[in-house]
K.L.:
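Starting off with a structure, shown below.
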Amino acid sequence: MVGAPRFRFAPSPTGFFHVGGARTALYNWALAKRTGGTFVLRIEDTDEARNQPEWTQGIIDALEWIGISRNDPTFEGPYFQSQYANEHVAAAERLHAAGHAYYCDLTPDQIQERAKQSGKPGYDGYSRDRGLGPGPGRVLRFRVPEGVTVVNDLVRGRVEFQNETIEDFVLLRGNGSPMFLLANVIDDVSMRVSHVVRAEEHLPNTPKQQLLWEALGHEPPVWAHVPVLVNEQRKKLSKRRDKVALEQYRAEGYLASAMINYLMTLGWAPQGETEIVPWSKIQDEFRLEDVNHSPAFFDLKKLAAFNGEYIRAMSLDDFITACQPWLTGTDVPWTAAQYRPEIFRALAELVQTRIVTLSEVPQLVDFMFLDAPLVDETSWSKTFGSADGVAMLRSGRDALVSCDWNAEALKSAVEAAGSNLGLKLGKAQAPIRVAVTGRTVGPPLFEALELLGRDAVMKRLDAALAKLG
RNA sequence: GCCCCCAUCGUCUAGUGGCCUAGGACACCACCCUUUCAAGGUGGCGGCACGGGUUCGAAUCCCGUUGGGGGUGCCA
């Protein structure tokens, strides 16, 4: 390897951008940044029916979100694999000319039939020495040499493959188009990639690709296969079964910083007593050699905990800014005219310690903006199912009608009304809370009442009393 | 079936032959604080898969077993 290292991230645009892909990208990014190398983004969009152009933009946006910006000098690309098909085919022809590959006219069915008869699975090398030329329906296969292929992997160490267990894989399809193994290697060669850091599922491909590098006359890159991310069943995270779309987490109010930090600690840990660390520390310390070897469970609870930590660590202004999309978006329960930024600002600090994702913000403050609270039936029946609750509501209403209007005075008034009924403050505030906010839980009550104002509060207390008969 | 990878608390991990009576974090439990809920504080529960070696000494090295996972396409 000469010069600065060149890493690459090569996703295929076949769906929403996956958290596993995000972690792989982040690993590559951290390495490229620390070593003064380059991060090459290559979209592997080779003629696959599943590819959709919008997914490509999704990848770029998602990378941007987690700090992998195409405007950063470390970033190179995106390149699109489909644009290099000619090079892939030319390389395949060179391989053929040099005797490293040969054409075969067997159909998949015929191959299967032969495998069945011989009792050995896979392609048996039937056309190796038939000297076929190219033609419609004929695939080009790589002639796997005899011997042993040793893959030196930065994460796994030395991995040995007996070449006889590697079948003569397809380079060019019957229609002449290049296959993944070939295209991937050719692009890595021409983009001068020095380090291939990818998920473990590619490890079985690696001896084939290494053989290709060698047949092409190049020194193979440094390989590193990081463990896959798994679900609670310990199966590889899948788009079908699991919630894996990075975009979805973003939409639910996860912070990029929390997501980045969490993803980096799956399979690796920074030095010290805490895993919550700034990106700069991650970038300084991350080493492939330190990556764990076993699959890592993508734990929503831990992600949530990280997110809560990051939310609480924000300055008040940053927090308020971050909340904007959840306050002024199209799916909030109040109208734009009802929303009062100064009210939210006054309450923001109390909201900040009570949420794990930003999407939980509206339910904590909706009663401040709506004319009448959204009543949670469970809260209502639990609170007013007893005579105590109703009595307290009545007595609380009478106390609030004339007291001073600030949080301290409101608290005292409710406390006094409660003690007359033999209720402690915890019990006494509940009926007021439900009548005013619609729920048994929420931000500290008296601060909210103060902000809401006497008129609005009395209106709600009276409405609740009327409803109770 | 075949090939390959892996194995420390439930989970993510620290640990690279003596500092380990195995450390931290999430989760869980208890207590404190408290106007609900959180947050915060304190404490607790809980692990080196098993069996053989090697060594004065093994979570750390070797072998086997068992158990997981990945791959096995004219997908990427």
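Convention: sequence-line order gives letters A, B, ...; per-chain numbering from 1.
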K.L.:
Please determine, for the side chain of E275(A), which listed nucleotide (A25(B), C26(B), A76(B)) has the closest atom?
P.N.:
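Among the listed nucleotides, the one closest to the side chain of E275(A) is A25(B).
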
K.L.:
Applying the Watson-Crick and G-U wobble criteria at under 3.5 Å, what pairs with C48(B)? Answer none if nothing qualifies.
P.N.:
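Partner of C48(B): none found under 3.5 Å.
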
K.L.:
Between K301(A) and V441(A), who's closer to the 5' end of RNA chain B by nearest nucleotide?
P.N.:
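Here K301(A) is the residue nearer the 5' end.
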
K.L.:
Between C26(B), G71(B), U35(B), which one does the side chain of P204(A) approach most closely?
P.N.:
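Out of C26(B), G71(B), U35(B), the nucleotide with an atom closest to P204(A)'s side chain is G71(B).
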
K.L.:
Hey, are R234(A) and E232(A) close enough for a salt bridge, meaning a charged N less than 4.0 Å from a carboxylate O?
P.N.:
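No.
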
K.L.:
Indicate, with a heavy-atom threshold strictly under 4.0 Å, whether T440(A) touches base, sugar-phosphate, or nothing.
P.N.:
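T440(A): base contact, heavy atoms under 4.0 Å.
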
K.L.:
Mapping E415(A) and R23(A) onto RNA chain B by nearest heavy atom, which one lands closer to the 5' end?
P.N.:
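In this pair, the answer is R23(A).
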
K.L.:
Tell me the interatomic distance from F306(A), atom CZ, to A39(B), atom C1', rounded to whole angstroms.
P.N.:
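Rounded to whole Å, this separation is 18 Å.
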
K.L.:
If the C1' atom of G68(B) is compared with that of A49(B), how far apart are they to the nearest Å?
P.N.:
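11 Å, rounded to whole Å.
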
K.L.:
Once you apply a heavy-atom cut-off of 4.0 Å, does P207(A) come out as touching a base, just sugar-phosphate, or nothing?
P.N.:
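It contacts nothing in the nucleic acid.
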
K.L.:
Return the value, rounded to whole Å, for the distance between atom CG of N205(A) and atom P of C4(B).
P.N.:
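For the pair N205(A) CG and C4(B) P, the rounded distance is 15 Å.
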
K.L.:
If you check the A269(A) side chain, which of U13(B), U35(B), G69(B) turns out closest?
P.N.:
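Nearest to the side-chain atoms of A269(A), counting from C-beta on, is U13(B).
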
K.L.:
Considering only heavy atoms and no angle criterion, is a donor-acceptor pair shorter than 3.5 Å present between the side chain of R234(A) and the base of U11(B)?
P.N.:
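For R234(A), whose side chain was compared with the base of U11(B), there is no donor-acceptor pair (under 3.5 Å).
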
K.L.:
Among the nucleotides U35(B), A38(B), C75(B), which one has an atom lying closest to any side-chain atom of E447(A)?
P.N.:
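When the side chain of E447(A) is considered, U35(B) is the closest of U35(B), A38(B), C75(B).
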
K.L.:
Which of the following nucleotides, C26(B), C5(B), G24(B), is nearest to the side chain of E273(A)?
P.N.:
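For E273(A), the side-chain atoms sit closest to G24(B).
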
K.L.:
In whole Å, what is the span from the CG atom of N292(A) to the C1' atom of A59(B)?
P.N.:
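The distance from CG of N292(A) to C1' of A59(B) comes to 14 Å, rounded to the nearest Å.
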
K.L.:
Check every strand shown and say whether R198(A) touches a base, only sugar-phosphate, or nothing at a heavy-atom separation below 4.0 Å.
P.N.:
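Nothing, no heavy atom under 4.0 Å.
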
K.L.:
Using a heavy-atom cut-off of under 4.0 Å over every strand shown, decide if V170(A) touches base, sugar-phosphate, or nothing.
P.N.:
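V170(A): backbone/sugar contact only, no base atoms under 4.0 Å.
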
K.L.:
Would the distance check show the side chain of D318(A) and the main-chain N or O of M314(A) forming a donor-acceptor pair, the cut-off being under 3.5 Å?
P.N.:
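Absent.
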
K.L.:
Classify the ring geometry between W223(A) and H225(A) as parallel (under 30°), tilted (30 to 60°) or perpendicular (over 60°).
P.N.:
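Aromatic pair W223(A)/H225(A) classed parallel.
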
K.L.:
Using the P atom as the point on both nucleotides, what is the distance between U60(B) and G52(B), in whole Å?
P.N.:
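My reading of the P atoms in G52(B) and U60(B) gives 14 Å.
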
K.L.:
With a non-hydrogen cut-off below 4.0 angstrom, is A430(A) in contact with a base, only sugar-phosphate, or nothing?
P.N.:
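It contacts nothing in the nucleic acid.
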
K.L.:
Among U36(B), C74(B), C12(B), find the nucleotide with the atom closest to the side chain of P108(A).
P.N.:
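Of U36(B), C74(B), C12(B), C74(B) is nearest to the side chain of P108(A).
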
K.L.:
Given G71(B), G1(B), U8(B), identify the nucleotide with an atom nearest to the side chain of S294(A).
P.N.:
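Looking only at side-chain atoms, S294(A) lies closest to U8(B).
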
K.L.:
Which nucleotide, if any, forms a Watson-Crick or G-U wobble pair with A27(B), using both distances under 3.5 Å?
P.N.:
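Paired with no nucleotide.
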
K.L.:
For A58(B), give the paired nucleotide (Watson-Crick: N1-N3 plus N6-O4 or O6-N4; G-U: N1-O2 and O6-N3; both under 3.5 Å), or none.
P.N.:
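A58(B) is paired with nothing.
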
K.L.:
Would the base of C12(B) count as contacting K302(A) through its side chain, where contact means a donor and an acceptor less than 3.5 Å apart?
P.N.:
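Per atom types, the contact qualifies.
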
K.L.:
Of the listed nucleotides (A38(B), A76(B), G71(B)), which one gets closest to any side-chain atom of H202(A)?
P.N.:
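Per side-chain heavy atoms of H202(A), the pick is A76(B).
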
K.L.:
If you only use heavy atoms from C-beta on, which nucleotide in G69(B), U35(B), U11(B) is closest to the side chain of L445(A)?
P.N.:
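The listed nucleotide nearest to L445(A)'s side chain is U35(B).
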
K.L.:
Counting any heavy atom closer than 4.0 Å, what does F169(A) reach on the DNA or RNA strands: base, sugar-phosphate only, or nothing?
P.N.:
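F169(A): no heavy atom of the nucleic acid under 4.0 Å.
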
K.L.:
Send over the distance from E201(A) CD to G69(B) C1', rounded to a whole Å.
P.N.:
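It is 12 Å, rounded to the nearest whole Å.
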
K.L.:
Over 60° means perpendicular and under 30° means parallel, so classify the ring planes of H202(A) and F180(A), tilted if in between.
P.N.:
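Tilted.
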
K.L.:
Is the positively charged end of R141(A) above the ring of Y123(A), judged by distance under 6.0 angstrom from the centroid and angle within 45° of the axis?
P.N.:
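Because its charged atom sits under 6.0 Å from the ring centre and within 45° of the axis, R141(A) does stack over Y123(A).
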
K.L.:
Say whether T357(A) and N307(A), considering side chains only, have a donor N or O and an acceptor N or O under 3.5 Å apart.
P.N.:
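The answer is no; no qualifying pair exists.
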
K.L.:
Nearest to the side chain of H293(A), heavy atoms from C-beta on, is which of C3(B), C4(B), C6(B)?
P.N.:
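Given the options C3(B), C4(B), C6(B), the side chain of H293(A) is closest to C6(B).
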
K.L.:
As an exercise, state the distance from CZ of R94(A) to CG of L216(A), rounded to the nearest 0.5 Å.
P.N.:
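Between atom CZ of R94(A) and atom CG of L216(A) there are 6.0 Å.
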
